[in-house]
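In each ligand, atom 1 is the first atom listed, and ligand 1 is the first ligand listed. Everything quoted here is computed from the prediction, not taken from an experiment.
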Amino acid sequence: METVVSGIRPTGKLHLGNYFGAVKNFLKMQKEYNCYFFIADYHSLTTHPTPGDLHGNVKQVLAEYLACGLDPEAATIYIQSDVPEVAELTLLMNMNAYLGELERTTSFKDKARKQPENVNAGLLTYPVLMAADILIHRAAKVPVGKDQEQNLEMTRKFAGRFNRIYNQEYFNIPQSFNYGEELVKIPGLDGSGKMGKSEGNGLYLADDEKTIRKKVMKAVTDQGPTEPNSVMPEPVRNLYTLLEVVSTPDTVEYFTEKFNSCEIRYGDLKKQLAEDIVKFNAPLRERILDISADAAYLQKVVNMGKEKAQASAAKTVKEVREIIGFKPF
Ligand code: TRP
């Protein structure tokens with residue numbers, strides 16, 4: 001079975017866009033591949049060297065993914081910093097990563113611009129740490145979004161270079177991977193494209209009923225159609241896209257007809273949408289709360305993940321050491 005590796009940033013809570021994107025992918029992949037999913041807490045230090053509540057953030061993200069159905073029996077779910085072998089592989093890979101290529105990566109340049117007071121070496125070598133995450137399990141596939149493609153390209157470069165330098169086909173050259181075409185793109189509530197973390201745009205799985213209603217009622221619309229069967233403007237189409245995800249086909253049809261005959265009242269549409277999102281979220285939210293409160297379960301999951309991930313990581317580091325030429329006396 002092919003190995004898949006993916007890292008999860010321990011920042012922010014999951015929103016519906018994440019749920020119908022990355023999370024859905026993970027749920028499929030864990031059944032079909034040998035999956036390693038980890039929370040990238042080392043990485044988070046590159047931008048937040050003194051995080052307010054590192055542990056709390058990691059715990060929240062872990063609880064949310066578990067609540068969505070990530071299965072610690074099927075996949076290896078672990079915390080990056082629980083596997084310090086990753087740090088050793090990073091150090092070894094750093095010897096064959098060049099300053100010029102690291103400085104040229106888009107994400108480094110972006111972050112250096114955003115945090116000019118903290119252009120640290122970790123930021124520069126972020127792609128090396130990410131390569132170590134992937135190569136430590138000798139992954140064949142990595143599910144990445146557009147924003148991570150360049151980092152994965154760097155991983156391929158480092159893997160190929162290692163193989164060439166030490167004259168061995170040791171690392172797989174990992175391929176990017178997604179079920180992209182099958183996924184619905186979840187729009188935001190502010191009239192723009194994708195659901196994200198920005199203010200007034202995202203609906204979080206952990207949001208309570210009142211918050212969901214308030215956000216949906218504030219969603220951007222317009223004055224309404226003036227001619228039958230007119231083209232839906234983007235903000236309105238976005239609400240229908242959300243409706244299609246959380247409501248019944250009958251409901252979608254009802255409101256589509258109302259739009260097409262110019263009888264639509266956006267207030268009614270939003271009320272229905274809010275109720276259906278509340279219904280959709282309720283069981284997830286409850287599970288998030290239950291799991292977050294279950295310290296013993298979380299500890300069990302983390303320990304199990306650590307053990308499985310460490311077994312795989314230690315084997316790679318041992319072999320890499322041998323390949324490079326470290327020998328016991
Ligand atoms: N850089 C990724 C992100 O920002 C997170 C990440 C770290 C990752 N290591 C990884 C993703 C390894 C895939 C594989 O989202």
Tyr170 six-ring face occupied by Arg138 cation (under 6.0 Å, within 45°):
yes
Note: Ile134, heavy atoms under 4.0 Å from ligand 1, region reported as side chain
Heavy-atom contacts under 4.0 Å between Phe38 and ligand 1: side chain, backbone, both, or neither?
side chain
Go through ligand 1 atom by atom and flag the ones less than 4.0 Å from a non-hydrogen atom of Val142.
13 (C), 14 (C)
Check whether the ring centres of His137 and Tyr33 lie less than 6.0 Å apart, and answer yes or no.
no
Who's closest to atom 14 (C) of ligand 1 heavy-atom-wise, of Ser176, Ala22, Ser107, Gly7?
Gly7
Working to the nearest 0.5 angstrom, can you tell me the gap between Asn281 CG and Thr211 OG1?
10.5 Å
Give the numbers and elements of all ligand 1 atoms closer than 4.0 Å to a heavy atom of Arg9.
3 (C), 4 (O), 15 (O)
Taking the side chain as every heavy atom from C-beta outward, state whether Leu92 and Val320 have any atom pair closer than 4.5 Å.
yes
Please tabulate, one pair per line, all N/O donor-acceptor pairs under 3.5 Å involving side-chain atoms of residues 34-41, not counting sequence neighbours.
from, atom 1, to, atom 2, distance (Å)
Asn34, ND2, Thr3, OG1, 3.1
Asp41, OD1, Ser81, N, 3.0
Asp41, OD1, Ser81, OG, 3.4
Asp41, OD2, Ser81, OG, 2.6

Give the residue and atom name of whichever protein heavy atom lies nearest to atom 2 (C) of ligand 1, and the separation in Å to one decimal.
Gln148 OE1, 3.3 Å
According to side chain to side chain donor-acceptor pair (under 3.5 Å), does anything in residues 119-130 pair up with another residue at least two apart or in another chain? List the pairs.
Asn118-Asn120
Atom indices of ligand 1 within 4.0 angstrom of Tyr126 heavy atoms, with elements
1 (N), 2 (C), 3 (C), 4 (O)
Does Lys13 make a cation-pi contact with Tyr204 (under 6.0 Å, within 45 degrees of the axis)?
no
For Asp133, the ligand 1 atoms whose distance to one of its heavy atoms is below 4.0 Å
7 (C), 9 (N), 10 (C), 12 (C)
Check ligand 1 against His43 and write out every atom of the ligand that is under 4.0 Å from a heavy-atom position of the residue.
7 (C), 9 (N)
